[in-house]
Amino acid sequence: MTLRLYDSLRRAVCDVDPLQAGRLGLYVCGPTVYGPVHVGNARPFVVAQTLARHLRRQGWEVRVVSNLTDINDKIYAAAAAEGIDSRELAAREAAGYLADTSRLGLGRPDVEPKVTESLPGIIAMTEALIASGHAYVSDGDVYFDVGGFPSYGALSGQRVDEMQPEEVTAKKRAPLDFALWKAQKPGEDAAWDSPWGPGRPGWHIECSAMAMSALGEEIDIHGGGIDLKFPHHENERAQSEAMTGRPLARTWLHNGLLRFGGDKMSKSLGNVERLRDALDRMEPETLLMLFARAHYRSNVDYSPDSLEDAARSNDRLREALRRAARAAADAAPADGGPLAVAAAEADARFRAALDDDFSTPEGLAALFDLVRTLNAALDAGDQDPADAARARAVLVECLDVVGLAGLAAAADGPPAEAVALMEEREAARADRDFARADELRDALRDLGWAVQDLPDGPELAPL
RNA sequence: GGCGACGUGGCCGAGUGGCUAGGCAGCGGCCUGCAAAGCCGUCCACACCGGUUCGAUUCCGGUCGUCGCCUCCA
């Protein structure tokens, strides 16, 4: 099956043509670690990790690289505000980012380079650009000469003559030129040695250098938030391609943004919820469902209602998985039965949907269709355990791609206390003492268990 | 002002030149002592105006609106 993805440069969904057959390298711009990341920062991470999980399941060999920007103006500012060393703050927040995103249960990228550990490559690339005439030194700073890169603007669609200058500096030859190296300024408590004096790398060159060092001069897929398309990715492209003469990325993958209260969730607007706070008050699956039910290129509305919707969808999946587990009764999955056939169809639909511009919403629709078929069969009550086991196994495998396999985790069985109440309620019902039966149902609810009177007897389901 | 994306039923959210998305909610039914869970059926769509077409929600043009970027931003 062919993998297709939307390429922001070509502005179309295109077949992915890997540099090496069967292998894909994926670079995703990570956060600047000057404070705890918010839920929106988790989206490119989730997109990259889930895409990689799908691709690996499809037989690709995937290498995901995602950087941490731990040298930046905002880090100096945040450290100064706290009265601590900027390197200390960056290290703390980098660790925080790793810890927070790990809670999503999607594993880690294969390589997570930090700028502080990538200076030699950044300096070498800057030197090469100076040597080839694409960059120039100006009073301790180094700037990229945008005028020397004719296709500048092709990715973002920005026209050079229409653009407003990014910042007017006497050090620049042209307003659009951007810094590859910035000389240390007064008040900056950390600097790194370079041929141009102490300073720090510009934001854009970091990613170019780290991507190249981990994945080579040309990479299969370069991802990040759509808000990075300009200027960040445009500048990365210019630097890298000016240096190597090769396309930096074969596919530019941009994810949509998380909206919160009508606007983009962003630290500068202040409308943020920290990822760690979100994960303190909801299970990761809720967040993952919120993301998976929307296409990765769409904006996602982060609101109580949409989170509730996602949680309810998960409840439906969880309930179906629980029922299937019960019906499977530890039988080994077997093929050939009607549920196994339906499951195979759903699996094929799921894979095809994700192969077609990673349409997780369509993939989920296939799984929900399987859930309905499964529930109907379970209602009929005559399915083969091994058949139910197969359907459940397929469901779990597909859900695992988007990080939702946890929905299948066997909840602990009801405690003896709850079972006793349920049995007492059955006795009351047999005596047609429904008032007492309802009291006992309420008591069970207080214990966290819902009683379901199924055709073959009562059952306790976790609330 | 420039560039880009998008406007789908009560809400969210896919997709398609003529044929079922899916989830949540509503309504009717089955099951139930009543519920819950589940199943079946069902209401509610493709912003507006033109054009192309036998036929457009789906292609083209325009209008209006929303969002993102043009400055640090996932």
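Numbered from 1 within each chain, the chains take letters A, B, ... in sequence-line order.
Taking atom C1' in both B/U53 and B/G61, one finds a spacing of 16 Å when rounded to whole Å. With both ends at atom P, the span from B/G22 to B/A14 equals 15 Å, rounded to whole Å. When the C1' atom is compared between B/C44 and B/A37, the two are found 26 Å apart, to the nearest whole Å. The C1' atoms of B/U8 and B/C48 are separated by 15 Å, rounded to the nearest whole Å. If you take atom P in B/C64 and the same atom in B/G23, they sit 38 Å apart, rounded to whole Å. Look at the P atom in both B/A47 and B/G13: the space between them is 15 Å, to the nearest Å. The separation of B/C30 from B/G10, taken at their C1' atoms, amounts to 26 Å, rounded to a whole angstrom. Atom name C1', nucleotides B/G17 and B/G55: the rounded distance is 8 Å, in whole Å.
Between the CG atom of A/Asp438 and the P atom of B/A36 there is a distance of 12 Å, rounded to whole Å. Between A/Trp449 atom CH2 and B/A37 atom P the separation is 16 Å, expressed in whole Å. The separation between A/Glu236 atom CD and B/C72 atom P is 14 Å, rounded to whole Å. The distance from atom OH of A/Tyr152 to atom P of B/C70 is 11 Å, rounded to the nearest whole Å. Spacing between atom CZ of A/Arg429 and atom C1' of B/U32 amounts to 8 Å, rounded to whole angstrom units. Between A/Lys267 atom NZ and B/U71 atom P there is a gap of 20 Å when expressed in whole angstrom units. For the pair A/Leu404 CG and B/G23 P, the interatomic distance rounds to 15 Å; values are reported in whole Å. One interatomic measurement links the two molecules: CG of A/Leu228 to P of B/C72, which rounds to 12 Å at whole-angstrom precision.
Applying the ring pair (Phe, Tyr, Trp, His ring centres under 6.0 Å) test to residues at least two apart or on different chains, none of the pairs has a partner in residues 356-378 of chain A. Pairs passing the ring pair (Phe, Tyr, Trp, His ring centres under 6.0 Å) check and including a residue from residues 272-301 of chain A, sequence neighbours excluded, do not occur. For residues 253-276 of chain A, every residue pair satisfying the ring pair (Phe, Tyr, Trp, His ring centres under 6.0 Å) rule, not counting sequence neighbours, is listed here: A/His233-A/His254, A/Phe260-A/Tyr302.
Paired with A/Asp100 under the rule side chain to side chain donor-acceptor pair (under 3.5 Å), one option of A/Arg276, A/His38, A/Arg274 passes, and it is A/Arg276.
Residue contacts shown for A/Val451 include a base, since a base heavy atom lies under 4.0 Å away. Counting non-hydrogen atoms under 4.0 angstrom, A/Leu364 reaches nothing in the nucleic acid. In this structure, A/Gly223 reaches neither bases nor backbone, as no heavy-atom distance under 4.0 Å exists between it and the strands shown. A/Leu258 comes within 4.0 angstrom of a base, heavy atoms only. A/Met289 comes within 4.0 angstrom of nothing in the nucleic acid, heavy atoms only. Residue contacts for A/Glu319: at a heavy-atom cut-off of 4.0 Å it reaches the sugar-phosphate backbone alone, with no base atom in range.
Taking the centre and axis of the six-membered ring of A/Tyr76, the NZ or CZ atom of A/Lys185 falls outside the cone set by 45° and 6.0 Å.
Of all nucleotides listed (B/C34, B/C39, B/A36), B/A36 comes nearest to the side chain of A/Gln452. Among the nucleotides B/G33, B/G23, B/A74, the one closest to the side chain of A/Arg425 is B/G33. When the nucleotides B/G33, B/C24, B/C72 are ranked by their closest atom to the side chain of A/Arg312, B/C24 comes out on top. Side-chain proximity of A/Asn41 to the nucleotides B/A74, B/G68, B/A35 is greatest for B/A74.
Under the side chain to side chain donor-acceptor pair (under 3.5 Å) criterion, A/Glu345 pairs with no residue at all, not counting sequence neighbours. Scored by the side chain to side chain donor-acceptor pair (under 3.5 Å) test, A/Asp73 finds A/Arg200 as partners (sequence neighbours excluded). Residues meeting the side chain to side chain donor-acceptor pair (under 3.5 Å) test with A/His232, sequence neighbours left out: A/His204, A/Glu236. For A/Tyr97, there are no side chain to side chain donor-acceptor pair (under 3.5 Å) partners, not counting sequence neighbours.
Proximity of residues 367-375 of chain A to RNA chain B (heavy atom under 4.0 angstrom from any strand atom) is restricted to A/Phe368, A/Asp369, A/Arg372, A/Asn375.
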Can you give the dot-bracket line for RNA chain B, using ( ) for pairs inside the strand, [ ] for pairs that cross earlier ones, | for pairs with another strand and . for unpaired bases, where Watson-Crick and G-U count if both distances are under 3.5 Å? (((((((..(((.....[...))).(((((.......)))))....(((((..]....))))))))))))....
Trace of the side-chain hydrogen bond (donor to acceptor under 3.5 Å, both in side chains) decision for A/Asp220 with A/Tyr27: CA-CA 8 Å; A/Asp220 292 299; A/Tyr27 183 87; over 6 Å; no
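Taking 4.0 angstrom as the limit, A/Arg323 places none of its side-chain polar atoms (N or O) nearer than this to OP1 or OP2 of B/A36. Proximity of A/Arg259 to the phosphate of B/U66: no side-chain N or O atom is located under 4.0 Å from OP1 or OP2.
For the pair A/Ala42 and A/Ala437, both in contact range of RNA chain B, the more 5′-proximal nearest nucleotide belongs to A/Ala437. Annotation: of the two residues near RNA chain B, A/Gly40 and A/Ala435, the 5′-most nearest-nucleotide partner is A/Ala435.
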In the 5'-to-3' direction, what one-character label does each nucleotide of nucleotides 3-8 of chain B receive under the scheme B = base within less than 4.0 Å of a protein heavy atom, S = sugar-phosphate only, - = no such atom? SS----
Where along nucleotides 11-17 of chain B does protein come under 4.0 Å, by heavy atom, of base (B) or sugar-phosphate alone (S), with - for untouched nucleotides? -SSSS--
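Using a 4.5 Å heavy-atom threshold, the side chains of A/Glu439 and A/Arg436 count as touching. Inter-residue side-chain proximity for A/Leu104 and A/Gln49 is flagged as unmet; no heavy-atom pair is nearer than 4.5 Å.
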Give every donor-acceptor pair under 3.5 Å between a side-chain atom in residues 281-288 of chain A and any protein atom, sequence neighbours left out.
| from | atom 1 | to | atom 2 | distance (Å) |
| --- | --- | --- | --- | --- |
| A/Arg281 | NE | A/Glu273 | OE2 | 3.1 |
| A/Arg281 | NH2 | A/Glu273 | OE1 | 2.8 |
| A/Glu283 | OE2 | A/Arg318 | NH2 | 2.6 |

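Between A/Asp145 and A/Arg173 there is no salt bridge, since no side-chain N of the basic residue sits under 4.0 Å from a carboxylate O of the acidic one.
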